[in-house]
Protein chains: 2
Amino acid sequence: MNKAEILIIDDEPQMRKLLGITLESNDYKVLQAETGKEGVIQAASHPPELILLDIGLPDKSGHEILKELRQWYNKSIIILSVQNNETDIVTALDNGATDYLSKPFRTAELLARIRSAIRRNQTPNDTSIVDAGDLQIDLVARTVKKNNQLLKVTSTEFNLISLFARNEGRVLTHRFILKEIWGVGYQTETQYLRVFVGSLRKKIEENPNNPLHIITESGVGYRFQ
Amino acid sequence: MNKAEILIIDDEPQMRKLLGITLESNDYKVLQAETGKEGVIQAASHPPELILLDIGLPDKSGHEILKELRQWYNKSIIILSVQNNETDIVTALDNGATDYLSKPFRTAELLARIRSAIRRNQTPNDTSIVDAGDLQIDLVARTVKKNNQLLKVTSTEFNLISLFARNEGRVLTHRFILKEIWGVGYQTETQYLRVFVGSLRKKIEENPNNPLHIITESGVGYRFQ
DNA sequence: GAAGGATATAAAGATTTCGTAAAGAATTGC
DNA sequence: GCAATTCTTTACGAAATCTTTATATCCTTC
């Protein structure tokens, strides 16, 4: 039985040390990251069984890191936070956090919640690369290849094609896409979508006038295949 | 979209009422049980999407009920308790509870944890496909396949065939269909229906002159099979 | 089997939705 | 601080879809 790996993302050295000792003495293998950025890179290079994410990080808000991780990481993420306000908890859970614990937490409870979270880990589709014919979309590296050639896509363009790739074959409504990419205030800005779908098609489609990957479902949204 | 069912097992009538109102106003279907025994029976006869289990029950300890449920019930169980002691939490989680909330809890947090728990119940490629011989209608992806080949259908056409698929074998009156697809002001626009049924038949039927899927019930409506 | 109401089909007209180009605004990188 | 890139907005022609009309066919009932 090899040890389950847990990645701690927390900027406080003391907290990392405390958590590290606790977890190691309970037979977990511990990985650590000081910043969100570093955490994402570590998680990508070697996906752990569970991530403990402090939400009060210096570089980005923990919520952003959580969203970023959840674009491809589908194992458990437990949020640790000094915050105990409801909005924070609700946001984290709705962004895909597995659990939320307020600091200071009780060790035995933390361990029990970790056991529970690991037990429930779904069989992961551990590939972060979505393959769609001549296209390969790497959700971690944030790259798009067409016939093995790297395409130059902007950040928003990538977010869009990443969303498509993660929902291959199903129709996504305009509202849904706009909410996911631009946020809840933009759900009626359908024109944004038209422009960005247009520029994506120019890049990924053999013939942009007759798209084979991004199909428009008139009156509803788009479908990727 | 039918409502997710939640079973509340709690001996306090007030708490059941409070939870019931909260959940129902958030579009869940609520089932209630006063005792653990009753709860187990209810859950067995009609497994809900999630169980809210109070741990301070009179007949058996909630922990026993939890264990009993977990022998066969594998969806989410959230524990509610006035207790906030660590042993209790750890025991519950190790017995397979999905989550543990101490009373009094905050409503928004409870709802977020319920959403999270239900979300995790679903298998990643959760599709609800209606199979009708050579036709497969995917209600989530909004796609129609005939002999495994994607058909191009417009938004209204899909809404129509989706309504048919969800009421397979049943005669739907003109008025009902018109109300569902176009809204209450259109219940007499029978000609709309004729046109759209016609175009659907052209796409899905082997021989549109002798339809096998969308059957005309003259003077009444249509039936899908 | 004939009459009359109900249904089917085709096609024209009306409306909505889409795609593209391009200009202005904001952001990023050097 | 300037140039380059990216994002947001506007405008307009093109395409797809929906609605309506006309006419042919089918079905039921007597």
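Computation of the quantities below employed the complete heavy-atom set of this structure, encompassing side-chain atoms and omitting hydrogens, waters and symmetry-equivalent molecules. Order of the sequence lines fixes the chain letters, A, B, ..., with proteins taken first and strands second; residue numbering starts at 1 for each chain.
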[X] has an atom [atom1]; how far is it from atom [atom2] of [N], in whole Å?
{"X": "I214(B)", "N": "dT7(C)", "atom1": "CD1", "atom2": "P", "answer": "15 Å"}
{"X": "N210(B)", "N": "dT7(C)", "atom1": "CG", "atom2": "P", "answer": "18 Å"}
{"X": "I215(A)", "N": "dG19(C)", "atom1": "CD1", "atom2": "P", "answer": "11 Å"}
{"X": "L193(A)", "N": "dT8(D)", "atom1": "CG", "atom2": "P", "answer": "12 Å"}
{"X": "L200(A)", "N": "dT20(C)", "atom1": "CG", "atom2": "P", "answer": "12 Å"}
{"X": "R194(B)", "N": "dT23(D)", "atom1": "CZ", "atom2": "C1'", "answer": "14 Å"}
{"X": "F158(B)", "N": "dT17(D)", "atom1": "CZ", "atom2": "C1'", "answer": "17 Å"}
{"X": "E205(A)", "N": "dT20(C)", "atom1": "CD", "atom2": "P", "answer": "11 Å"}

With a 3.5 Å cut-off and heavy atoms only, can you find an N or O donor on one side and an acceptor on the other between the side chain of E189(B) and the base of dT19(D)?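 Side chain to base: no pair below 3.5 Å.
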Counting heavy atoms from C-beta on, name the nucleotide in dC18(C), dC18(D), dT6(D) closest to the side chain of T154(A).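 Nearest to the side chain of T154(A) among the choices is dT6(D).
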Selected nucleotide, minimal atom distance to Q191(A) side chain, candidates dG19(C), dT17(D), dA8(C):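 In terms of side-chain proximity for Q191(A), the closest of dG19(C), dT17(D), dA8(C) is dG19(C).
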For [N], does either OP1 or OP2 sit under 4.0 Å from a side-chain N or O belonging to [X]?
{"X": "K202(A)", "N": "dT20(C)", "result": "no"}
{"X": "W182(B)", "N": "dT19(D)", "result": "yes"}
{"X": "K152(A)", "N": "dA4(D)", "result": "no"}
{"X": "H174(A)", "N": "dT17(C)", "result": "no"}
{"X": "N209(A)", "N": "dA14(D)", "result": "no"}
{"X": "T216(B)", "N": "dA8(C)", "result": "yes"}
{"X": "Y222(A)", "N": "dG19(C)", "result": "yes"}
{"X": "R201(B)", "N": "dA8(C)", "result": "yes"}
{"X": "Y192(A)", "N": "dT9(D)", "result": "yes"}

Please work out if [X] contacts a base, only the sugar-phosphate, or nothing of the nucleic acid, heavy-atom cut-off 4.0 Å.
{"X": "T156(A)", "result": "sugar-phosphate"}
{"X": "E157(A)", "result": "nothing"}
{"X": "V195(A)", "result": "base"}
{"X": "Y186(A)", "result": "nothing"}

Point-to-point distance, once rounded to the nearest 0.5 Å, from [atom1] of [X] to [atom2] of [Y]:
{"X": "E180(A)", "Y": "N159(A)", "atom1": "CD", "atom2": "CG", "value": "10.5 Å"}
{"X": "E34(A)", "Y": "Q42(A)", "atom1": "CD", "atom2": "CD", "value": "11.0 Å"}
{"X": "E109(A)", "Y": "L93(B)", "atom1": "CD", "atom2": "CG", "value": "7.0 Å"}

Above 12 or not: heavy atoms from other molecules or residues under 6.0 Å from NZ of K29(B)?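 At most 12 heavy atoms, drawn from other residues, nucleotides or ligands, come within 6.0 Å of this atom.
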Looking only at side-chain N and O atoms, does R115(B) offer a donor or acceptor that is under 3.5 Å from a partner on N26(B)?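 Absent: no donor and acceptor within the cut-off.
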So among K3(B), R119(B), K75(B), which one has a salt bridge (Lys or Arg N to Asp or Glu O under 4.0 Å) with E49(B)?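 Going through K3(B), R119(B), K75(B) one by one, the salt bridge (Lys or Arg N to Asp or Glu O under 4.0 Å) with E49(B) is satisfied by K75(B) alone.
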